[in-house]
Amino acid sequence: EVGYYGVAQRLTYLQTAPVILLSVILSPRLSSARAAKRFGQFNRLFFGALAFSVVASLPLGAILFLGRDSIISLLFGSTYLDAAPVLSVLVLSQIVAALTIPTTSLLLMAGEQNKFGMVMGSALLFNVALNFWLVPIHGALGAAIATTCVMSLLFAAQLSNVFKVMAKDSADKKSGN
């Protein structure tokens with residue numbers, strides 16, 4: 001079971017590689033725009049990064065999802081075909097994970113590391129609890145489901161905090177700070 005999860009997860013890592021590269025370029029630009037109080041540019045950069053995250057991770061995710069049996073057989077052998085359902089679920093998880101890359105960059109750049117840490121710590125605990133519940137019942141597929149659920153909640157929490165940062169920036173701009 002662990003091998004099935006490992007095979008599937010290795011394949012899905014490719015989905016987020018372009019977004020990780022983007023974050024190297026994006027973080028200094030976001031920081032510069034915010035420091036200069038160019039909030040329109042700041043917001044456009046962030047939402048553009050979210051769009052890029054989907055556009056960059058979705059095509060490979062679709063290929064992995066649609067060709068999962070052939071890809072697994074070709075790269076790992078038919079012994080690992082039981083990893084196909086796990087791959088199907090983790091493809092979705094990595095699309096969501098790609099979205100957390102720009103939110104993470106923004107929150108850390110905006111000095112919200114405490115909120116970020118609380119959200120990450122909560123996600124970790126929830127992930128452990130879900131795995132204790134789902135893995136004994138569903139094996140590797142349960143672990144993939146837990147990962148996807150936690151990633152989705154993590155993104156929602158991070159995005160909520162991003163909107164709070166943007167609202168604060170907007171209020172500061174209106175008050176002249």
K.L.:
May I ask you to test the Ile71-Ile63 pair for a side-chain heavy-atom distance under 4.5 Å?
P.N.:
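SC-SC contact between Ile71 and Ile63 confirmed.
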
K.L.:
To the nearest 0.5 Å, how far apart are CG in Leu81 and CG in Asp69?
P.N.:
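The distance works out to 5.5 Å.
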
K.L.:
How far apart are the closest heavy atoms of Gly142 and Val135, and which atoms are they?
P.N.:
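Closest pair (atom of Gly142, atom of Val135, distance): C-CG2, 4.4 Å.
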
K.L.:
Is the side chain of Ser170 donor-acceptor paired with the backbone N or O of Ala167 at a distance under 3.5 Å, no angle test?
P.N.:
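No, Ser170 side chain to Ala167 backbone: no donor-acceptor pair under 3.5 Å.
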
K.L.:
Closer than 3.5 angstrom, by distance alone: can the side chain of Ser88 be matched with the main-chain N or O of Ala84 as a donor-acceptor pair?
P.N.:
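Checking the backbone N and O of Ala84 against the side chain of Ser88, a donor-acceptor pair under 3.5 Å is found.
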
K.L.:
Would Leu90 and Tyr5 count as a side chain to side chain contact (heavy atoms under 4.5 Å, CB included) here? Give the steps.
P.N.:
CA-CA 9 Å; Leu90 286 179; Tyr5 188 90; 3.9 Å; yes

K.L.:
State plainly whether one hydrophobic cluster holds both Met118 and Leu124, where clusters connect Ile, Leu, Val, Met, Phe, Trp and Tyr through side-chain heavy atoms under 4.5 angstrom apart.
P.N.:
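Met118 does not cluster with Leu124.
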
K.L.:
Rounded to the nearest 0.5 Å, what's the gap from CG on Asp169 to NZ on Lys37? Could you check?
P.N.:
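The distance works out to 7.5 Å.
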
K.L.:
Can you establish whether the number of heavy atoms outside Phe76 located under 6.0 Å from its atom CZ is more than 12?
P.N.:
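For Phe76, atom CZ is crowded (more than 12 foreign heavy atoms under 6.0 Å).
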
K.L.:
Between Val7 and Leu87, is any pair of side-chain heavy atoms under 4.5 Å apart?
P.N.:
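No - every pair of side-chain heavy atoms lies 4.5 Å or more apart.
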
K.L.:
So, Ser57 side chain and Gln15 main chain: donor-acceptor pair closer than 3.5 Å or not?
P.N.:
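No, because the side chain of Ser57 does not come within donor-acceptor range (under 3.5 Å) of the backbone of Gln15.
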
K.L.:
If you count every heavy atom of other residues, nucleotides or ligands that lies below 6.0 Å from Phe52 atom CZ, does the total exceed 12?
P.N.:
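Count over threshold, so yes.
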
K.L.:
Looking at Asn127 and Ala123, would you say the former's side chain and the latter's main chain have a donor-acceptor pair under 3.5 Å?
P.N.:
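Side chain of Asn127 to backbone of Ala123, a donor-acceptor pair under 3.5 Å: no, none is there.
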
K.L.:
Output, in order, the C-alpha distance, side-chain angles, deciding distance and verdict of side chain to side chain contact (heavy atoms under 4.5 Å, CB included) for Met109 and Ser27.
P.N.:
CA-CA 7 Å; Met109 176 275 314; Ser27 294; 5.7 Å; no

K.L.:
Between Leu159 and Leu106, is there shared hydrophobic-cluster membership here, with clusters defined by ILVMFWY side-chain heavy atoms closer than 4.5 Å?
P.N.:
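Yes, Leu159 and Leu106 fall within the same hydrophobic cluster.
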
K.L.:
Return the CD1 to OG distance between Ile25 and Ser105, rounded to the nearest 0.5 Å.
P.N.:
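Result: 11.5 Å between the selected atoms.
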
K.L.:
How close do Val91 and Gly61 get, heavy atom to heavy atom, and via which atoms?
P.N.:
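Closest approach of Val91 to Gly61, heavy atoms only: CG1-O, 3.4 Å.
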
K.L.:
Please test Thr103 against Phe46 for side chain to side chain contact (heavy atoms under 4.5 Å, CB included), starting from the C-alpha separation and ending with a verdict.
P.N.:
CA-CA 8 Å; Thr103 56; Phe46 173 73; 3.7 Å; yes

K.L.:
Under 4.5 Å between side-chain heavy atoms, hopping through other hydrophobics if needed: is there a path connecting Leu21 to Leu99?
P.N.:
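Leu21 does not cluster with Leu99.
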
K.L.:
Within 45° of the ring axis of Phe42 and under 6.0 Å from its six-membered ring centre, is that where the NZ or CZ of Arg38 lies?
P.N.:
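No, Arg38 does not lie over the aromatic ring of Phe42.
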
K.L.:
What is the distance from atom CZ of Phe65 to atom CD1 of Ile95, rounded to the nearest 0.5 Å?
P.N.:
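Here the interatomic distance stands at 10.0 Å.
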
K.L.:
Just checking Phe47: does its CZ atom have more than 12 heavy atoms from other residues, nucleotides or ligands closer to it than 6.0 angstrom?
P.N.:
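Check passes, neighbour count above 12.
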
K.L.:
Could you check whether any side-chain N or O of Thr147 sits under 3.5 Å from a backbone N or O of Ala143, counting only pairs where one atom can act as donor and the other as acceptor?
P.N.:
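Confirmed, Thr147 side chain pairs with Ala143 backbone.
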
K.L.:
Distance from Ile101 atom CD1 to Leu22 atom CG, nearest 0.5 Å?
P.N.:
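CG of Leu22 is found 9.0 Å from CD1 of Ile101.
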
K.L.:
Mind listing the closest non-hydrogen atom pair of Ser53 and Ala98 along with its distance?
P.N.:
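In terms of heavy atoms, the two residues are closest at OG-O, 3.2 Å.
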
K.L.:
Are any side-chain N or O atoms of Ser23 and backbone N or O atoms of Ile20, one a donor and one an acceptor, separated by less than 3.5 Å?
P.N.:
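Yes, the answer is positive, given that a donor and an acceptor are paired below the 3.5 Å cut-off.
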
K.L.:
Identify whether Leu75 and Tyr80 are in the same connected component of the hydrophobic contact network (ILVMFWY, side-chain heavy atoms under 4.5 Å).
P.N.:
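Yes: a chain of side-chain contacts under 4.5 Å links Leu75 to Tyr80.
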
K.L.:
Any side-chain heavy-atom pair from Gln158 and Thr104 closer than 4.5 angstrom?
P.N.:
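Of all side-chain heavy-atom pairs linking Thr104 with Gln158, at least one is under 4.5 Å.
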
K.L.:
Can you name the nearest heavy-atom pair linking Val86 to Tyr4, along with the distance?
P.N.:
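Shortest heavy-atom separation between Val86 and Tyr4 comes out as CG1-O, 4.3 Å.
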
K.L.:
Would you give the length of the straight line joining atom CG of Leu108 to atom CD of Gln113, rounded to the nearest 0.5 angstrom?
P.N.:
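Going from CG on Leu108 over to CD on Gln113, the span is 7.0 Å.
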
K.L.:
Let's go through Asn161 and Glu112 carefully: what are the C-alpha distance in whole Å and the side-chain angles of both, what is the deciding distance for side chain to side chain contact (heavy atoms under 4.5 Å, CB included) to 0.1 Å, and is it a yes or a no?
P.N.:
CA-CA 8 Å; Asn161 284 321; Glu112 298 292 339; over 6 Å; no

K.L.:
Leu50, Met166: one ILVMFWY side-chain cluster at the under-4.5 Å cut-off?
P.N.:
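Linked, Leu50 and Met166 end up in one cluster.
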
K.L.:
Can you name the closest pair of heavy atoms from Cys149 and Leu130 and give their distance?
P.N.:
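Answer, listing the atom of Cys149 first, then Leu130: CB-CD1, 3.9 Å.
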
K.L.:
Are the side chain of Ser32 and the backbone N or O of Pro28 linked by a donor-acceptor pair below 3.5 Å?
P.N.:
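Side chain of Ser32 to backbone of Pro28, a donor-acceptor pair under 3.5 Å: no, none is there.
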
K.L.:
How close do Leu141 and Pro85 get, heavy atom to heavy atom, and via which atoms?
P.N.:
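Heavy-atom minimum between the residues: CD1-O, 3.8 Å.
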
K.L.:
I'd like to know if the side chain of Arg44 and the backbone of Gly40 have a donor-acceptor N/O pair within less than 3.5 Å.
P.N.:
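Between the backbone of Gly40 and the side chain of Arg44 there is a qualifying donor-acceptor contact (under 3.5 Å).
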
K.L.:
Any side-chain heavy atom of Leu45 within less than 4.5 Å of one from Gln41?
P.N.:
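With C-beta onward as the side chain, the pair touches.
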
K.L.:
Can you tell me if Arg34 uses its side chain to pair, donor with acceptor, with the backbone of Leu30 under 3.5 Å?
P.N.:
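Here the side-chain-to-backbone pair does not exist.
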
